[in-house]
Amino acid sequence: MLGMHCKRWLAASCCALALAAPAAAVTVDLDQAVELALQADPRISEREHLVEAARALLQEAVGSDGLFLDLDAFLALSPGVDDGFFNTGKTCNSPCKVNDDGMDGVSPWANVQFKLIKPLLTFGKIESYAEAAQGNVDVKRGDVRLQRIETRMQVSKAYYGYLAARNGRELLEDVDARVNKAINLVQRWIEEGTGNAKQSDLFAMQTGRGLLRKALAQARAIEQIALAGLRLLTGIPANEPLEVAERNITAVPLPIGSLEELQAKALVERTEIDQLEAGLRARRALVEAKRAEMRPNVYAGVVGSLAWSPERETLDSPYVHDPFNHAGASPVVGMQWRWAGNVQQARIAQAEAELNALVDKQSFARAGIPFEVTERYHQVLANQSAVEELAQASRAGRRWMLTSYADFEAGIERSERVIAAFQGYVLAHTDYLASLNDYNMEVAELLRVSGSYR
C-alpha cells in the first residue's frame with residue numbers, strides 16, 4: 001500500500017516538474033527558417049489558390065467541347081375544356097364549326113422543353129481558349145514561385161539582420177562596460193587627487209557614454225524587431241522561445257560561376273522568363289480565339305418537348321400543334337453564328353495590341369535581366385572587398401582600444417585619446433557588421449536575379 005502511494009507521489013511530482021519546466025527553445029539555421037516560412041506563409045497559399053482558380057478556368061474551356069443540356073420546365077394552370085374540338089364532338093362532317101363554348105374551369109399544366117447539344121466544329125474556338133487558359137495556369141504557377149522567392153529573401157533579411165544587430169549589441173555592451181570602468185577610475189582619481197585626470201575628462205567620458213547608450217538602445221530595438229520578423233515569417237508563436245543556430249554573422253560564399261555564366265543562367269532559369277513565355281502563348285491563343293469568334297459553330301444533338309394538361313383533350317391532328325398535351329423529340333444538326341463585324345474586329349485588334357505589348361516586354365526583359373545580374377555581381381564584389389578591409393580595420397580598432405585603455409589605466413595616456421579609441425573601434429566594428437549584412441543580402445540578391453532560387 002505504501003509503495004502504491006509512493007508511486008503516485010512520484011508520478012504527480014514528475015508531472016508538476018514537467019509543467020513547471022520552461023519550453024525548449026526552437027533553434028533554427030537559415031535553411032530551416034526558410035523551410036518553416038515556406039510552409040507557414042499565407043501569401044504562398046493565396047497564390048496557390050489562384051492557381052486552382054486558373055485550373056478551373058482551364059477545365060471550363062476544355063469542357064466546352066462536351067455535352068450541353070438546356071432544359072426548361074414549369075408547372076402552371078391552363079383553361080379546362082370539354083366536349084371536343086368541334087361542336088359535334090371530336091369529329092365532324094363538313095361544314096365543321098369549332099367549339100367555342102367548351103370552357104370547363106382550369107387544369108394543371110406541366111411543360112418540359114430540352115436541348116441536348118454536342119459541338120461538332122467550332123473552327124478553333126475551344127482549342128484556342130483552352131491554350132490561353134493553360135498559359136494563364138503557367139503564369140499563376142510562376143507567381144507562386146516568385147512569392148516563395150520573396151519569402152526566402154525576407155527570411156534572409158530578418159535572419160542576417162538579427163545576427164548583425166545582436167553582434168552589434170554585444171559589442172556596444174562590451175564597450176559600455178569598459179567606459180563605465182574608465183569613468184569609475186577617473187572618479188576615484190579625482191576624489192583621491194591621484195593621477196593626471198581632470199574634471200573635464202570625466203565630463204567627456206560621461207558624454208561619450210550617453211552617445212554610446214543611445215546606439216545600444218537602437219541596437220537592442222533592431223535586434224528585437226528582426227527577431228519578431230523572423231518569428232512572424234516562420235510562424236513560430238510569440239510564447240515559444242526562438243533562437244538562431246549561428247552565434248555570429250559570417251560572410252557567405254560567392255555564387256559559383258563567372259558573370260557571363262550567371263547571365264546565361266538567368267535567361268534560362270528566371271521564373272519571369274517562364275512567365276513571359278507562358279503569357280505569350282496565352283496571348284497568341286487569345287488572338288486566334290477572337291478571330292475564330294467570327295466563324296459559326298456546327299453542332300448535333302436532340303431537341304424535344306413534353307406537355308401535359310389532364311383536364312384538356314388532346315388534339316391528335318398532325319397539322320395542329322397542341323401546346324398543352326404533346327410529346328416529341330428529334331435528332332438535329334445545326335449551325336450557330338453570331339456575327340458582329342466591327343465589334344469582333346475591335347476585339348481582335350485589342351488582343352493583338354496586348355500580344356505586341358507583351359512581346360516588347362519580353363524583349364526588354366531579355367536585355368534587362370543580364371544588366372540586373374551585372375549590377376548585383378559588381379555590388380557583391382564591392383561588398384566583399386569592403387568586408388575584408390573593414391575586418392582588418394575592426395581588428396586594428398580593437399587593439400587600439402585595448403592598448404589605449406591599458407595605457408590610460410597606467411596613467412600614461414590622455415582621456416581624449418581613450419575616448420577616440422573607443423569611438424574608432426565602435427564605428428569600425430559596427431560598419432563591419434553592417435557591411436557583412438549588406439554583403440550577405442547582395443549574394444542572396446545575386447542568386448535571385450541569376451535564377452538560382454526556384
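Any value given below was found using the heavy atoms of this structure, including those in side chains, with hydrogens, waters and symmetry copies removed.
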Student: Between N297 and T122, do the side chains contain an N or O donor and an N or O acceptor separated by less than 3.5 Å?
Tutor: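 Result is no, nothing qualifies.
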Student: Would D41 and Q154 count as having a side-chain donor-acceptor pair, cut-off 3.5 Å?
Tutor: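 Looking only at side-chain atoms, Q154 and D41 do not form any donor-acceptor pair under 3.5 Å.
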Student: Counting only heavy atoms not in E60, do more than 12 sit closer than 6.0 Å to its CD atom?
Tutor: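 Atom CD in E60 is not crowded, with 12 or fewer foreign heavy atoms closer than 6.0 Å.
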Student: Work out which heavy atom in G124 is nearest to a heavy atom in A292; give both atom names and the distance.
Tutor: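 Minimum heavy-atom contact is C-CB, 4.3 Å.
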Student: Hey, are R145 and E48 close enough for a salt bridge, meaning a charged N less than 4.0 Å from a carboxylate O?
Tutor: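 No salt bridge links R145 with E48.
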Student: Are there over 12 heavy-atom neighbours, none belonging to K118, within less than 6.0 Å of that residue's NZ?
Tutor: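 Enclosed: over 12 neighbouring heavy atoms sit under 6.0 Å from NZ of K118.
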Student: Is there a donor in the side chain of Q392 and an acceptor in the side chain of E388, or the other way round, less than 3.5 Å apart?
Tutor: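 Checked: Q392/E388 side chains show no N/O donor-acceptor pair below 3.5 Å.
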Student: Residues in side-chain hydrogen bond (donor to acceptor under 3.5 Å, both in side chains) with R55, at least two apart?
Tutor: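 Listed in chain order: E52.
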Student: Keeping Y439 on the side-chain end and V252 on the backbone end, is there a donor-acceptor pair under 3.5 Å?
Tutor: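 Answer holds: yes.
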Student: Kindly determine whether L306 and H326 satisfy side-chain contact (heavy atoms from CB on, under 4.5 Å), including the steps that lead there.
Tutor: CA-CA 6 Å; L306 172 66; H326 68 269; 5.8 Å; no
Student: If I take atom OH from residue Y162 and atom CG from residue N437, how far apart are they, to the nearest 0.5 angstrom?
Tutor: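 That separation rounds to 14.0 Å.
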Student: Whether R281 and D138 form a salt bridge (side-chain N of Lys/Arg under 4.0 Å from carboxylate O of Asp/Glu) is what I want to check.
Tutor: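 Yes, charged N to carboxylate O under 4.0 Å.
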Student: Can you see which heavy atom on V106 is nearest to which on E311, and at what distance?
Tutor: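 Looking at all heavy atoms of both residues, the shortest contact is O-CG, 4.1 Å.
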Student: Using a strict threshold of under 4.0 Å (side-chain N to carboxylate O), is an ion pair present between E223 and R169?
Tutor: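 Yes, this pair counts.
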Student: For the CD atom of E288 and the CD1 atom of I348, what is their distance to the nearest 0.5 Å?
Tutor: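 If we round to the nearest 0.5 Å, E288:CD and I348:CD1 are 9.0 Å apart.
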Student: Is there side-chain contact between R47 and R141, with at least one heavy-atom pair below 4.5 Å?
Tutor: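 Heavy-atom side-chain distance check fails, nothing below 4.5 Å.
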Student: Kindly indicate whether the side chain of E293, heavy atoms from C-beta on, has any atom under 4.5 Å from the side chain of R347.
Tutor: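 When only atoms from C-beta onward are counted, R347 and E293 do not touch, as no gap falls below 4.5 Å.
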Student: Between D176 and R209, is there a side-chain N and carboxylate O pair less than 4.0 Å apart?
Tutor: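 Answer for the salt bridge query: no.
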Student: Are R152 and E35 within salt-bridge range, i.e. N to O under 4.0 Å?
Tutor: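 No salt bridge links R152 with E35.
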Student: Indicate the atoms forming the closest heavy-atom contact of L446 with Y377, along with that distance.
Tutor: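 Heavy atoms only, the tightest pair is CD1-N, 3.9 Å.
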Student: If the plane angle is over 60° it's perpendicular, under 30° parallel, otherwise tilted; pick one for F74 and W109.
Tutor: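 Because their plane-to-plane angle is over 60°, the rings of F74 and W109 count as perpendicular.
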Student: Taking atom types as modelled and ignoring hydrogens, do the side chains of D438 and N383 form a donor-acceptor contact shorter than 3.5 angstrom?
Tutor: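 There is no such pair between these side chains.
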Student: Given side chains that start at C-beta, do those of Y129 and S64 come closer than 4.5 Å, heavy atoms only?
Tutor: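 When only atoms from C-beta onward are counted, S64 and Y129 do not touch, as no gap falls below 4.5 Å.
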Student: Any salt bridge linking R43 with E46? Criterion: basic side-chain nitrogen under 4.0 Å from a carboxylate oxygen.
Tutor: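 No, this pair does not count.
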Student: Can you tell me how far the CG atom of D431 sits from the OG atom of S394, to the nearest 0.5 Å?
Tutor: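 Going from CG on D431 over to OG on S394, the span is 10.0 Å.
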Student: Considering all heavy atoms of both residues, which atom of E372 and which atom of V449 are nearest to each other, and what is their separation?
Tutor: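 Minimum heavy-atom separation between E372 and V449: O-CG2, 4.1 Å.
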Student: Please determine whether a side-chain nitrogen of the Lys or Arg among D174 and R398 lies less than 4.0 Å from a carboxylate oxygen of the Asp or Glu.
Tutor: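 Here D174 pairs with R398 in a salt bridge, since their nearest N and O are under 4.0 Å apart.
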Student: How about S452 and E269: does a side-chain donor come under 3.5 Å of a side-chain acceptor?
Tutor: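 No - no donor-acceptor pair under 3.5 Å links their side chains.
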Student: Does R231, at its CZ atom, have more than 12 non-hydrogen atoms belonging to other residues, nucleotides or ligands within less than 6.0 Å?
Tutor: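 Yes, because the 6.0 Å sphere around CZ of R231 holds more than 12 heavy atoms from other groups.
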Student: With heavy-atom distances below 4.5 Å as the criterion, would you say the side chains of Q32 and T27 are in contact?
Tutor: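 No, side chains not in contact.
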Student: Between R295 and K125, is a side-chain contact (heavy atoms from CB on, under 4.5 Å) present by the stated rule, with each step listed?
Tutor: CA-CA 9 Å; R295 306 185 185 97; K125 296 184 186 69; 4.3 Å; yes
Student: Taking R376 first and then E442, would you say they form a salt bridge - that is, a charged N and a carboxylate O separated by under 4.0 Å?
Tutor: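 Judged by the 4.0 Å cut-off on N to carboxylate O distance, R376 and E442 do form a salt bridge.
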Student: Would you say Q423 and V426 make side-chain contact, with heavy atoms under 4.5 Å?
Tutor: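 SC-SC contact between Q423 and V426 ruled out.
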Student: Would you name the heavy atoms of W400 and G424 that are closest together and state the gap between them?
Tutor: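 Closest pair (atom of W400, atom of G424, distance): CZ3-CA, 4.0 Å.
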Student: If you compare all heavy atoms of S78 against all heavy atoms of P108, which two are closest, and at what distance to 0.1 Å?
Tutor: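 Scanning both residues completely, I find the closest heavy atoms to be OG-O, 4.4 Å.
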Student: Would you say CG of L71 has more than 12 non-hydrogen atoms from neighbouring residues, nucleotides or ligands within 6.0 angstrom?
Tutor: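 It does: L71 CG has more than 12 such atoms within range.
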Student: More than 12 heavy atoms of other residues, nucleotides or ligands under 6.0 Å from CG of N342: is that the case?
Tutor: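 No, CG of N342 has 12 or fewer neighbouring heavy atoms, counting only those of other groups under 6.0 Å.
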Student: Would you confirm whether the ring centroid of W308 sits within less than 6.0 angstrom of the ring centroid of F324?
Tutor: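 No - the distance between ring centres of F324 and W308 does not fall below the 6.0 Å cut-off.
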